[in-house]
Amino acid sequence: MKKNSIVQFGLVFLCVLLLTACGQKQISVNTVTRIADEAKIRQSPAFFADKLPAKEQVLLSQEEQQKQYEKFKKNFVNIWKQTKPFKGNLAYFRSYVQVPAEKRGYAENLQRWSDKHYQALAHNAQYETFPSMARNGLVVSDAGLRLAPTDKPYFINPKRSGQAYPFDMFQNSTLRVGAAVKVFHVSYDNAWYYVEATNASGWVHREHIAFTTPEIEDLWVNAREYVAVTRDNVLVKNENFCEAVNLGSVLPLVSENGQDYVLAVPLQGLYGEAHLEHCYIEKKNAVKMPLFLTADRVAQLSEQLMGNVYGWGGMYNNRDCSSTLQDLFTPFGIWLPRNSSQQAKAGQRIMLTNLSEKEKEDRIRSLAIPFQTLLYLPGHIGLYLGQFDGKAVMLHNMWGIRIHEVERFVVGKTVITTLYPGKELQGYSSSLMSRVQSLTIVGRENEL
């Protein structure tokens, strides 16, 4: 870092501390590049794990861990049993092309989608003949799920924060290499498949999907062991093939040696069929599932997520708040749903509604288990890490902080904050704590 940059940062940091401590006038958002919590709180999950009296203590009993892993394995391939699309999906996706012109969203030119382009989109989707097939498939490279067969965006209102970039309403989710899918439809131009997975559904580029055979399906369903990737952008390769994979990818184990795991990796053949390559991945980049759940191990995995760019619905193959947690808990054999509201129900849920902010803070600090508890508010979710200066802190991938109810101070990455991030900023309108509804202890059952 250059000397003048260090001095500039130091001055900004000092101003943040002084104004926060002395209760003076809030800071203009135009004078800071990051919120005070980022400067005050150590941006390291391992730092919080090291403060625990038993960071290596296993957080789930063997029975609980095995129950979670069996659920994971079932969800991993369960979509292949589907014979028709999930209830409601046809009406949901059709609704995106049957919108009156005056209510349509905005395209990349920040003008409403025109009749010409919207009708072309509807024609390409061929909703009248949906579903046109029901074939099992595998994802051969990370695939973005779209709500229409197009890469073009759909913004609700480009003049309002939270409804403009990056919130492309056509972007739904991302599927990792090795994920099982059911292919139910193909676009008119033959470039897109409509697929459903256990957690999400949508249109994907055709080259990301390969159709399975009974032999491949048997391997995916009945593998003796599975391996989860534990780092982003690492290679699975052999002498003929090389592919980058990310944290959250799961593939069947074929064999292993001292340095590597050998995995079955799906590829797409000339006619869209799947075939397998036996590929190596270094053991430092993957684990045999399930990894036993401890605060120390969750911290180690989440360290590499710090500062990762926010990606609405997996846009640009980045993560949003819920996909961050979904990928993080995958190596532990814990299956989390794709969206935040469903993740809040994936464990022992303790409701915090109708409580004051102080009462919520007290309940979180007394009941939440660091590195095992999710904190949920409508549209957002994060992982509880412990306390800083008597305040609960969480790891979360967040887009921004509400300013004057209609604007956002953009954070745009994975950070560790209190539930009052940005309170030092002018126009700060409401805390995360004011909107927190529940905490969820992962791996446990029953709502309280």
Side-chain angles (χ1 to χ4, degrees), residues 60 62-82 135-143 175-183 195-200 208-231 234-238 240-269 273-293 297 301 326-336 443:
L60 294 177
Q62 187 172 354
E63 180 181 358
E64 288 172 324
Q65 183 94 50
Q66 189 60 34
K67 183 177 180 181
Q68 292 297 319
Y69 188 41
E70 291 303 319
K71 182 191 299 184
F72 185 99
K73 290 191 290 184
K74 179 180 178 181
N75 283 320
F76 186 53
V77 294
N78 212 37
I79 190 64
W80 284 340
K81 296 180 181 180
Q82 288 289 120
R135 299 184 65 181
N136 293 343
L138 285 170
V139 176
V140 298
S141 58
D142 285 4
L175 298 176
R176 297 293 182 208
V177 174
V181 297
K182 196 81 168 192
V183 183
V195 307
E196 297 197 355
T198 303
N199 269 338
H208 292 294
I209 305 296
F211 294 114
T212 57
T213 63
E215 293 76 20
I216 291 176
E217 291 170 21
D218 181 68
L219 174 60
W220 248 250
V221 173
N222 299 310
R224 181 173 59 86
E225 292 182 282
Y226 297 91
V227 167
V229 179
T230 55
R231 300 183 67 85
V234 296
L235 298 179
V236 289
K237 59 183 179 178
N238 60 21
N240 302 314
F241 172 78
C242 184
E243 175 82 23
V245 292
N246 292 300
L247 171 65
S249 301
V250 175
L251 294 162
L253 176 67
V254 175
S255 63
E256 62 180 298
N257 57 43
Q259 296 281 332
D260 307 296
Y261 294 118
V262 180
L263 309 179
V265 180
L267 282 73
Q268 187 190 73
E273 77 284 0
H275 67 90
L276 301 180
E277 289 280 350
H278 289 180
C279 297
Y280 297 89
I281 186 170
E282 294 181 90
K283 287 186 173 179
K284 67 181 181 180
N285 297 323
V287 294
K288 287 194 285 188
M289 298 175 68
L291 187 64
F292 285 109
L293 186 69
R297 287 170 175 166
L301 289 181
Q326 185 182 49
D327 286 349
L328 179 59
F329 279 96
T330 288
F332 301 97
I334 295 174
W335 184 275
L336 290 181

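Applying the side-chain contact (heavy atoms from CB on, under 4.5 Å) rule to V234 yields the partners V229, R231, V245, I281, N285; only residues at least two apart in sequence or on another chain are considered. Looking at residues two or more places apart in sequence or on another chain, you find no ring pair (Phe, Tyr, Trp, His ring centres under 6.0 Å) involving Y69.
For the atom pair CZ (R297) and CG (L291), the distance works out to 4.5 Å, reported to the nearest 0.5 Å. The distance from the OG1 atom of T212 to the NE2 atom of H275 is 14.0 Å, given to the nearest 0.5 Å. Taking CD from E277 and CD from E243, the interatomic distance works out to 11.5 Å, rounded to the nearest 0.5 Å. From E217, atom CD reaches atom CG of L138 across 8.0 Å, with rounding to the nearest 0.5 Å. Interatomic distance, N78 CG to K71 NZ, rounded to the nearest 0.5 Å: 12.5 Å. Taken to the nearest 0.5 Å, the CG atom of N136 stands 10.5 Å off from the CD atom of Q82.
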Practice task
For the pair L253 and L263, evaluate side chain to side chain contact (heavy atoms under 4.5 Å, CB included) and give the outcome as yes or no after the intermediate values.
Solution key: CA-CA 5 Å; L253 176 67; L263 309 179; 4.2 Å; yes
One pair to check against side chain to side chain donor-acceptor pair (under 3.5 Å): N246 and D142. What are the steps and the verdict?
CA-CA 9 Å; N246 292 300; D142 285 4; 2.8 Å; yes
*asked:* Does V227 form a side chain to side chain contact (heavy atoms under 4.5 Å, CB included) with L251? I'd like the steps, not just the answer.
replied: CA-CA 6 Å; V227 167; L251 294 162; 5.8 Å; no
Checklist line | Working for side chain to side chain contact (heavy atoms under 4.5 Å, CB included), residues V195 and L175 | finding: CA-CA 10 Å; V195 307; L175 298 176; 4.3 Å; yes
In sequence, state the C-alpha distance, the side-chain angles, and the governing distance for R176 and T330, and then conclude on side chain to side chain contact (heavy atoms under 4.5 Å, CB included).
CA-CA 12 Å; R176 297 293 182 208; T330 288; over 6 Å; no
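Remark: K283 qualifies as a cation-pi partner of Y261 under the 6.0 Å distance and 45° angle criteria applied to the six-membered ring.
With respect to the salt-bridge test (charged N to carboxylate O, under 4.0 angstrom), the residues E70 and K73 qualify.
A donor-acceptor pair is defined here as one N or O able to donate and one able to accept, closer than 3.5 Å; no such pair exists between the side chain of W335 and the backbone of F329. Put simply, the side chain of Q268 gets close to the backbone of I209: a donor and an acceptor are under 3.5 Å apart. Within the 3.5 Å criterion, the main-chain N or O of I334 finds no donor-acceptor partner in the side chain of Q68. Looking at E282, its side chain never comes within 3.5 Å of a backbone N or O of L235 through a donor-acceptor pair.
In this structure, L328 and P331 approach most closely via the heavy-atom pair O-CD, 3.4 Å. Counting all heavy atoms, side chain and backbone alike, N222 lies closest to D218 at ND2-OD1, 2.7 Å.
Using a 4.5 Å heavy-atom threshold, the side chains of L301 and F332 count as touching. When side chains are defined from C-beta on, C279 does not count as touching V254, because their heavy atoms never get closer than 4.5 Å. The side-chain heavy atoms of E196 and I79, taken from C-beta on, include a pair separated by under 4.5 Å. The closest side-chain heavy-atom distance from P266 to I216 is not below 4.5 Å.
The distance between the ring centers of Y226 and F76 falls below 6.0 angstrom.
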